[in-house]
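Take a look at the structure below.
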Amino acid sequence: MSSTNKGPLPHIVLLSCGGTIAALPSHGVDYKAGLLPPDRLLDAVPDIGSSVHVTVERHADVGSQDVDLEIWNSLAARVRRLNADPSVDGIVVTHGTDTLEETAFFLHLVTQLDKPVVLTGAMRPAHALSADGPANLQAAICLAKSPSAKAIGVAVVMNDVVYDAVELQKISANALEAFSSRNHGPLARMLGGNIAFNYTPSIADRWKGSFADLTLDAWPKVPILYIHAGMDTDWVDALLATDPDGIVVAGVGSGNAPSAVWRRLEAAAARGLLVVRSSRCATGFVDGGVEVDDEAYGFFAAGGLSPQKARILLMCALRRDNSPESLRALF
Ligand code: GLU
């Protein structure tokens, strides 16, 4: 659905992807993501039409657990086209919260933007008492049309807090304040429609648009291996047998795993498999050479990236150049 721009008001395109923000009651479950028609999302934001013109497009109707590479490719392609469209001032994406951080980071890597792309969602469905979706959507539109956010790139706003795509992560399955910024604190806060930046987005700028030249088609196979105490190496062998292009280890602590697991992965790395060590912890960094001799094993350390984001970075990296030098520079 679309309509034309109206005169001098800023023009925002809203791409709706489903999620709890567009969820309604459904037979057999408390609610189902993506049932609310996208234009109805806007109906709940009072008086929005007086300050901004919003064009609404339905992009997908899924819970974000079902967001896949196909949706990522088409969404990134649409964002690239809208970024190049001079009639558009900013882009808002509504999305389920479960994989919001992954979609934000993917867009951060594969688009080179000169206008804001603001993602948002909701923890409470549209029919809930004090649903948070309308306020989140209002904040996202405010941010996307704000001249001070022009260079912000891909950002996420939830509960009046603005996160950058690199640091954002979901930390609560249920709480209204469900997100955090992994190591550096939130990028900004929304204060009644204004933006108060906490820091200049240099950390947020890392890898920004680094893969904007990639075609949006087939992506390498990069699974995440989740490490736990008493881990059985059979699972590692089973994963290696699927012939992945790379593996991200969601390690304990600073990216650690039982010695027997490392032995399997060391042998696989010697055969050319790319292995990236990250941490299953909610915050912190995985630096090369701490407890694990990455150089000797041929592993790479994920730094401050979560496993799910290290996976996306590795997927992009593998499309271009998988030499150890370029991977070391990237991670
Ligand atoms: N699993 C759903 C999703 O991510 C609901 C969670 C949400 O949107 O908050 O779309």
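Heavy atoms only: backbone and side chains are in, while hydrogens, waters and symmetry mates are out. Indexing begins at 1, ligand by ligand and atom by atom, following the structure's order.
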Could you tell me the residue and atom name of the protein heavy atom closest to atom 1 (N) of ligand 1, and the distance to it rounded to 0.1 Å? D98 OD2, 2.5 Å

Among N174, T97, V62, closest by any non-hydrogen atom to atom 9 (O) of ligand 1: T97

Residues in ring pair (Phe, Tyr, Trp, His ring centres under 6.0 Å) contact with F285, at least two apart in sequence or another chain: none

For G19, the ligand 1 atoms whose distance to one of its heavy atoms is below 4.0 Å: 8 (O), 10 (O)

Does ligand 1 come near enough to T99 that some N or O of the ligand is less than 3.5 Å from an N or O of the residue? no

Between ligand 1 and H95, is the shortest N or O to N or O distance under 3.5 Å? no

Side-chain contact test, heavy atoms from C-beta onward, threshold under 4.5 Å: evaluate it for K115 versus L113 and give yes or no. no

When you check the gap from the basic side-chain N to the acidic O, do D237 and R264 get nearer than 4.0 Å? yes

Is there a donor-acceptor contact under 3.5 Å linking the side chains of T120 and H95? no

Should L274 and I247 be counted in the same cluster of Ile, Leu, Val, Met, Phe, Trp and Tyr side chains packed under 4.5 Å apart? no

Have H59 and S16 got a donor and an acceptor in their side chains that come within less than 3.5 Å? no

Residue-ligand contact A122/ligand 1, heavy atom below 4.0 Å: yes

What protein heavy atom lies closest to atom 3 (C) of ligand 1? Include the residue and the distance to one decimal. S64 N, 3.1 Å

Is there any N or O on T20 that sits under 3.5 Å from an N or O of ligand 1? yes

Would you please indicate yes or no on a ring centroid separation below 6.0 angstrom for W235 and Y226? no

Does any N or O atom in Q65 lie less than 3.5 angstrom from one in ligand 1, N or O only? yes

